[in-house]
Amino acid sequence: MNNAVNDGGGAGVWSATGFRPGTKAGAGAGPGAGSPSGKPGGADRDIWSGCWVAERLGVELVGDEGLGELLGLALRRNPKRAHLLVSHVLGKHIPQSPAVVYGYGFALGLRVRDLLGEDEARRAVVLGYAETATGLGHSVADGVGLAPCLHSTRRPVDGVARAGGFEESHSHATSHLLLPEDPDLLAGDGPLVLVDDEFSTGNTVLNTIRDLHERYPRDRYVIVALVDMRSAADLGRLEDFAREIDARVDLVTAASGTVRLPEGVLEKGQALVARYESEAQAPAGSQSSAAAQSSGVPDSAGREGQAAPEGLARPALRVELGWPAGIPDGGRHGFTPEHRVRLEGALPAMAARIAEALPSDARRVLVLGFEELMYAPLRLGVTLEKLTDAEVRYSTTTRSPVLAVDDPGYAIRTRLVFPAHDNPADGPGERYAYNVAGAGFDAVVAVVDSAADTPELHAPDGLLARLSAHTPSVLLAVVPSYTPERPSTASPTERPSMLPEPLRGPDFSSYAPDEVGWLLQDLSDTKLEAPTEEREEAIQSGGAHYAESLPVEYQPSDAYQELFHNALAVSATRIAQAVGVVTETVLAERSPRPVLVSLARAGTPVGVLMRRWAQHRHGLDLPHYAVSIVRGRGIDANALRWLAAHHDPADIVFVDGWTGKGAITRELAQAVEEFEASDGITGFDPEIAVLADPGSCVRTYGTREDFLIPSACLNSTVSGLISRTVLRADLVGGHDYHGAKFYRELAAADVSVAFLDAVSDRFDAVGEAVDAQVKELLSTDRSPTWEGWAAVERISEEYGIHDVNLVKPGVGEATRVLLRRVPWKILARAGAGADLDHVRLLAEQRGVPVEEVDELPYTCVGLIHPKYTRGATGADGKAVTV
């Protein structure tokens, strides 16, 4: 069920003309709401900080009377949404009283505790989202009082295995990791409380629940946000989702409303951002053009902080906090009620040390946190506010780039720009502090963790130098970065010293023994197949993972087999050229003697063909193995251990057939990180080499065209008679490879070797074309654009599916939908020809409509039946007649 709980007051509209109806919105939007502008002394208190955007774009905030006190508006460069809702009480972009920031989260937590009752609250876990809601999630957990909390993170940590992860599609930096120290923290069946700053489309939260529910099903979830800003179109999704997973889902918010966007607002917003950013590149006031470009937005668009001239920057005064040993700096790895009790006892002494270090005449003080490190500086700020007569404000630095405009009706008045200073996993980049420059602070207390106390922090263009240009006093307080103790190294009795040697044909697969070694265990004698409809219902309900069973093998009709052979005859030359291009690229860029490791099973025919090309063209006898990777579960770690024991990990090249939206590409990258952290074995390059990359997800490919690869037409009968891989706890132990079956009984229909021979026979004919194409590719920028992922998100929303996992782009993935899942629709690019003959035939056989779509970025896209039950449901969850 869905139980929406919020504190709506009188409804109204916040726009460029103010609040309507004519009642001035009260300051009582929450406990002690401060100046909306965040400016010194509240000089602009009566001006809504969304007026500037509202006036220029016609945007309106509609909802509770206090909504405008909670939110302002700003602009950013974003292809999906130009406007940004800026919270006055989150403590991220706008300096605010620490007591107000903490009070909002704590009050929401009290309401969650009342909603759950004490018994359920003791069984709950609170999960906050990085980076904006880490402090809010902690504060909610404090209000609940009885529950541990965890927050997602974008910082991988050596030695800590990933318990989950997800994507935040609208964000500038999307990948979230869940890294609890206690691997059982998320495995219980008590309520899960998910905390974010705003609940708008709900995509991020619902995708998180869906991912975790698949692994750790439970019957109750509570979503907490400062504001519920869902559109009318999204209001029913939460209730539908609760029914889909058969769980109760409650929503607790401080206020609710929505944003009215006039037609063409995205284009107008993008043009406005572009204009102001272009002004930032021109001389303005006393800034030189070079200074403007190095520091960001100049005076014409928003006051921008620069470091003081070299040699004049005042060094920061370091304050030793005396942080208690063993207390985590935040919830990255989990934070328990016991940790909170210990921290509460230490806070007064730590805040007193900061107070003693402040200048005696400091009347206005900012406690500035650092990205995900929001809770520790917030609690220090709350305590400091009680100890001193100074006006204390709190905000944090951020990864998020936002346009600054120095206008009282705009939420982001000024912007400090400085380099990242914590050696981020995704590489160097700019970071920002908003509404700090020109805000009249007598002192700024920068609070960072020890991982961020680097030379970059103290550099002439670093954060501390930027701050020193805008305040007489900068203090630095460093909280020790908490890293869980590594598990003790496994003894020989815990892990077998010798993993099994690879399986080879003819005992396992119809490939020759030197073509590929399978790092799998043989489950041929185990009954694993289930009817397609039964599997689909179990997978979508969260009752089973797709890798725990196998679909019944498709037996092709005579007409379908004829299509396969015709397609092979037509496309063999094209495939041979793509094989040559990807192999030559690997030899030129990755290793002169690579070890090919194909992702079973779609990657295995491609791996065999790449091995054949290297042998035919260069006389190389390359090793080739096939390993299992499972979406949501990662790559087979035992297979990686065997590979590392027998080959240099730097020579390993992972191979797959094609990319769709890039889910496996991301899965492999995360899995390799986990493996390095758990085993301490480094050197594996997670970049996949593929025959076709229509999703633009990798750098190493044979082509980026979406065309028919005949090996995608069939299942095991074109893949050495091997099934899709299986990962099930009762069959695969900690010392076992993932499993698969060898379908010896299908030998009469096997075309695996015929496919390989047909392509290999064209190698000589494409040699010159391969050389020319490789020369061109090696000199061009092949950086992934992830266009496929963006297209899938758009299709998911347009067709009301709201789950990217049910959208399978590309000819190969669409074929898999028809062969192995319960298809709903096939989207075909208008005018697509013979590449889709087999798709049309399969669709006709299964009674699936094929819808022609103009300007489809793929040749075709398969849509899995959303919310499937054996009663046959559509995207709205209602029964339909087939």
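Between Lys775 and Asp771 there is no salt bridge, since no side-chain nitrogen of the basic residue lies less than 4.0 Å from a carboxylate oxygen of the acidic one. Between Glu798 and Arg794 there is a salt bridge, since a side-chain N of the basic residue sits under 4.0 Å from a carboxylate O of the acidic one. Note on Arg504 versus Asp514: no salt bridge recorded, every NZ/NE/NH1/NH2 to OD/OE distance being 4.0 Å or above.
Summarising the geometry, atom NZ belonging to Lys741 is positioned 14.0 Å from atom OG1 belonging to Thr725; distances are rounded to the nearest 0.5 Å. Interatomic distance, NZ of Lys825 versus CG of Leu863, reported as 7.5 Å (0.5 Å rounding). From Asp750, atom CG reaches atom CZ of Arg744 across 13.0 Å, with rounding to the nearest 0.5 Å.
Heavy atoms only, all atoms of each residue included: Ala669 and Pro686 are closest at CA-CB, 3.7 Å. Across all their heavy atoms, Ser719 and Trp518 have their closest contact at O-CH2, 4.1 Å.
Ser598 and His624 are linked by a side-chain donor-acceptor pair at a separation below 3.5 angstrom, with hydrogens and angles left out of the test.
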Atom pairs and distances, side-chain donor-acceptor, residues 647-655, under 3.5 Å, sequence neighbours left out:
residue : atom : partner : partner atom : Å
His647  : NE2  : Tyr625  : OH           : 2.8
Asp648  : OD1  : Ala650  : N            : 3.0
Asp651  : OD1  : Ser591  : OG           : 3.0

Listed pairs under 3.5 Å, donor-acceptor, residues 578-588 side chains, sequence neighbours left out:
residue : atom : partner : partner atom : Å
Thr583  : OG1  : Val579  : O            : 2.7
Glu584  : OE1  : His618  : NE2          : 3.2
Glu584  : OE2  : Trp613  : NE1          : 2.8
Glu584  : OE2  : His618  : NE2          : 2.7
Thr585  : OG1  : Val581  : O            : 2.7

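For the side chain to side chain contact (heavy atoms under 4.5 Å, CB included) test, residues two or more places apart in sequence or in another chain that qualify with Glu687 are Arg590, Asp685, Arg699, Thr700.
For Glu768, the CD atom is loosely surrounded, since the number of other residues' heavy atoms within 6.0 Å does not exceed 12.
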